[in-house]
Enquirer: 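What follows is a single structure, and I will ask about it in a moment.
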Amino acid sequence: MPAERRVAITPQSAAKLVNLGVDVLVEAGLGSSIQQSDGEYLAAGATLGSRAELLAGADLLLSVQPPSDDMVASLKPGAVLASFLDPFFNPALISSLAANGASALCMELIPRTSYAQKLDALSSQASLGGYAAVILAAQRSMKTFPMMSTPAGTISPARVFVVGVGVAGLQAIATAKRLGARVEAYDTRPVVKEQVQSLGARFVELDVGETGQTEQGYAKELTEEQLAKQRQQMAKVCAGADVVITTAQLFGRKAPRIIDAEMVAGMKPGSVIVDMAAATGGNVEGTVSGRDVVTANGVTILGPDNLPAAVALDASQMYANNLFLLIEHAWDADAGTLRLDSADDIIGACLLTHGGVIRDERVRAVVEAATGRPA
Ligand code: NAD
């Protein structure tokens, strides 16, 4: 992915891997996007190589973005891959990983439990994304976020409305509060109300009937009728906001459409929307992934497709650490190799392809639907 600036191994994580007993081979120039030189990787005990050498020789490949078809084809038979794979939207890739006999540790499928928290790359990246969304909005807004009393007059604080209070939304609320904005937030999961309030923001109550969450804590999908009710009541809050940040996602599915064109048309000229769900279809009608759109009434809709990459150094440190901890978790020190124990809670959940099989039945169903044959 051309705009990707994050890396899967930092000099710090390379040193920890070497310490564990892993031979670390790093693609020459890997760290240039985060200003880490090859020399720093060498000093950490890593060896440098070309991409072709890495792919041909690696027992374990670490990556940020899903690998290309060529990369999958170049992997050693039986190689292990640990990466984000976007598994519900990449049936061809998942199918070819299985067909090539690769063992893919899918970072999106790490369980969202307290025990697995330090390996949870979705959370580490979403949190940084939530921060980056607010900074982006603050740069593009014509208003200051804090209240300011100046000899020339008093400036009111910006009104920020955060829709979706998962990991990204919580960090967005915290960041906007730190910048001095007046923050409101909404989520269909009522359990987040207290978390919103504890950050000093107001929880917006909407009457949309029964909502809730799945056993894993993910939002349950609303019916079309509920979404319509939600939009109707939310329009007023959007109309009063200077900045709207949408973060709503449904696990394994297209993002819900929460803000329609009519609601955008009702917003103040100059207001800014950051649609953090742009890459999965967008929460806002009119969002274009990776682009900025200015509507006829002067509302800017930003559709960033890789917000964590805006803070690539810290995002890389967090992600590389998630990967290190995953490897440490599965490391068999006696054998000096990874042990992929499918009975282990974490490995069992994130080991997506192994021995030619797609192990996660939800992903397998997506692949079968896309290819029209049993996977
Ligand atoms: P997510 O990215 O899947 O979704 C973001 C938010 O959007 C969620 O809070 C969801 O409820 C909300 N949403 C969905 N549809 C909506 C709609 N129509 N209107 C408004 N909001 C809507 O969420 P996430 O950040 O990945 O978190 C998912 C769950 O996992 C949460 O329950 C979170 O607390 C939990 N979690 C637990 C741990 C842990 O225990 N270690 C770690 C991370 C996340």
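Please read all numbers here as calculations on a predicted model, not as lab measurements. Numbering of residues begins at 1 and proceeds along the displayed sequence. In each ligand, atom 1 is the first atom listed, and ligand 1 is the first ligand listed.
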Enquirer: Any salt bridge linking E224 with R231? Criterion: basic side-chain nitrogen under 4.0 Å from a carboxylate oxygen.
Expert: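 Yes, charged N to carboxylate O under 4.0 Å.
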
Enquirer: Check this for me, if you would: do K193 and E205 make a salt bridge, where the nitrogen-to-carboxylate-oxygen distance has to be below 4.0 angstrom?
Expert: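 Looking at K193 and E205, the cut-off is met.
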
Enquirer: Any side-chain donor-acceptor pair under 3.5 Å between D332 and T337?
Expert: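 There is no such pair (donor and acceptor under 3.5 Å, judged by atom type) between the side chains of D332 and T337.
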
Enquirer: Residue-level breakdown please: for I258 versus ligand 1, do any non-hydrogen atoms fall below 4.0 Å on the side chain, on the backbone, on both, or on neither?
Expert: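 Near ligand 1, I258 shows its side chain, while the N, CA, C and O stay back.
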
Enquirer: Salt bridge or not for K229 and D207, using N-O below 4.0 Å?
Expert: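 Salt bridge absent between K229 and D207.
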
Enquirer: Look at atom 41 (N) of ligand 1 and say which protein heavy atom is nearest, naming residue and atom and giving the distance to 0.1 Å.
Expert: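 Residue, atom and distance for the closest contact: T113 O, 3.1 Å.
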
Enquirer: Any N or O of D187 that comes nearer than 3.5 Å to an N or O of ligand 1?
Expert: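 Yes - when backbone and side-chain N and O of D187 are compared with those of ligand 1, one distance drops under 3.5 Å.
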
Enquirer: Provide, to 0.1 Å, the distance between atom 22 (C) of ligand 1 and the closest protein heavy atom, together with that atom's residue and name.
Expert: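 Protein heavy atom with the smallest distance to atom 22 (C) of ligand 1: A248 CB, 3.5 Å.
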
Enquirer: For T247, take its heavy atoms, then give the atoms of ligand 1 lying under 4.0 Å from any of them.
Expert: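 So the atoms of ligand 1 that pass are 5 (C), 7 (O).
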
Enquirer: What I'd like to find out is whether the side chain of P269 reaches to under 4.5 Å of the side chain of V299, using heavy atoms alone.
Expert: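 Answer no - side chains too far apart.
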
Enquirer: Do the charged groups of R6 and E4 touch, with an N to O distance under 4.0 Å?
Expert: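 Salt bridge between R6 and E4, a charged N being under 4.0 Å from a carboxylate O: yes.
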
Enquirer: With atom 33 (C) of ligand 1 as the reference point, say which of R189, R257, K220, M276 has the nearest heavy atom.
Expert: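 Answer by nearest heavy atom: R189.
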
Enquirer: Looking only at protein heavy atoms, which one is nearest to atom 32 (O) of ligand 1, and how far off is it?
Expert: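 Closest protein heavy atom to atom 32 (O) of ligand 1: G217 O, 2.6 Å.
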
Enquirer: Heavy-atom distance to atom 2 (O) of ligand 1: which of Q216, M234, Q249 wins?
Expert: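 Comparing heavy atoms across Q216, M234, Q249, the nearest one to atom 2 (O) of ligand 1 lies in Q249.
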
Enquirer: Partners of L323 by side-chain contact (heavy atoms from CB on, under 4.5 Å), sequence neighbours excluded?
Expert: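 Applying side-chain contact (heavy atoms from CB on, under 4.5 Å) to L323 gives A8, L62, A82, M107, Y319.
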
Enquirer: With a 4.0 Å cut-off on heavy atoms, does A126 reach ligand 1?
Expert: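 No, that is not the case, since the closest heavy atom of the residue is not under 4.0 Å from the ligand.
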
Enquirer: Would you check whether P256 reaches within less than 4.0 Å of ligand 1, judged by its heavy atoms?
Expert: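 Per 4.0 Å heavy-atom rule, P256 contacts ligand 1.
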
Enquirer: Counting from 1, what ligand 1 atoms have a heavy atom of V165 closer than 4.0 Å?
Expert: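 With V165 as reference, the close atoms of ligand 1 come out as 9 (O).
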
Enquirer: Other members of the hydrophobic cluster containing L250, with the 4.5 Å side-chain heavy-atom rule, please.
Expert: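 Members besides L250: none; it forms no cluster.
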
Enquirer: List ligand 1 atoms under 4.0 Å from V167, heavy atoms only on the residue side.
Expert: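 The atoms of ligand 1 under 4.0 Å from a heavy atom of V167 are 25 (O), 43 (C), 44 (C).
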
Enquirer: Quick check: are there more than 12 heavy atoms from other residues, nucleotides or ligands sitting under 6.0 Å from CD of E225?
Expert: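 Incorrect, the count does not exceed 12.
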
Enquirer: For ligand 1, is there an N or O atom under 3.5 Å from any N or O atom of Q213?
Expert: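 In fact, backbone or side chain, Q213 has no N or O that close.
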
Enquirer: By number and element, which atoms of ligand 1 are closer than 4.0 Å to a non-hydrogen atom of Y218?
Expert: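 Per the distance check, 3 (O), 26 (O), 28 (C).
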
Enquirer: Has ligand 1 got any nitrogen or oxygen that is less than 3.5 angstrom from a nitrogen or oxygen of Q230?
Expert: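 Among all N and O atoms of Q230, at least one is under 3.5 Å from an N or O of ligand 1.
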
Enquirer: My question is simple, although I want it checked carefully: is atom 35 (C) of ligand 1 less than 4.0 angstrom from any protein heavy atom?
Expert: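 No; the ligand atom in question lacks any protein heavy-atom contact below 4.0 Å.
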
Enquirer: With the threshold set at 4.0 Å, does a side-chain nitrogen-carboxylate oxygen contact exist between R140 and D292?
Expert: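 A salt bridge is present here (some side-chain N lies under 4.0 Å from a carboxylate O).
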
Enquirer: Mind checking whether A219 has an N or O less than 3.5 Å away from an N or O of ligand 1?
Expert: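 Checking ligand 1 against A219, no N or O pair falls under 3.5 Å apart.
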
Enquirer: Checking R112 against Y218: is there a side-chain donor and acceptor pair closer than 3.5 Å?
Expert: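 Result is yes, a qualifying pair exists.
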
Enquirer: Nearest non-hydrogen atom to atom 26 (O) of ligand 1 belongs to which of R112, E221, Q226, E108?
Expert: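 Checking each option, the heavy atom nearest atom 26 (O) of ligand 1 is found in R112.
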
Enquirer: Could you check atom 23 (O) of ligand 1 against the protein and tell me its nearest heavy-atom contact, residue, atom and distance included?
Expert: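 Sorting protein heavy atoms by distance from atom 23 (O) of ligand 1 puts G166 CA, 4.2 Å first.
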
Enquirer: In this structure, are over 12 heavy atoms from other groups packed under 6.0 Å from K118 atom NZ?
Expert: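 Check fails, neighbour count at 12 or below.
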
Enquirer: Can you list the atoms of ligand 1 that are under 4.0 Å from a heavy atom of Y186?
Expert: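 Per the distance check, 19 (N), 20 (C).
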
Enquirer: Which heavy atom of the protein is the closest neighbour of atom 43 (C) of ligand 1, given with residue, atom name and distance?
Expert: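 For this ligand atom, the closest protein heavy atom is S123 OG, 2.9 Å.
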
Enquirer: Between D120 and ligand 1, is there a nitrogen or oxygen pair with a distance under 3.5 Å?
Expert: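 Between D120 and ligand 1, no N or O pair is found under 3.5 Å apart.
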
Enquirer: Between Y115 and H329, what is the ring plane arrangement, given parallel below 30°, perpendicular above 60°, and tilted in between?
Expert: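 It falls in the perpendicular class, over 60°.
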
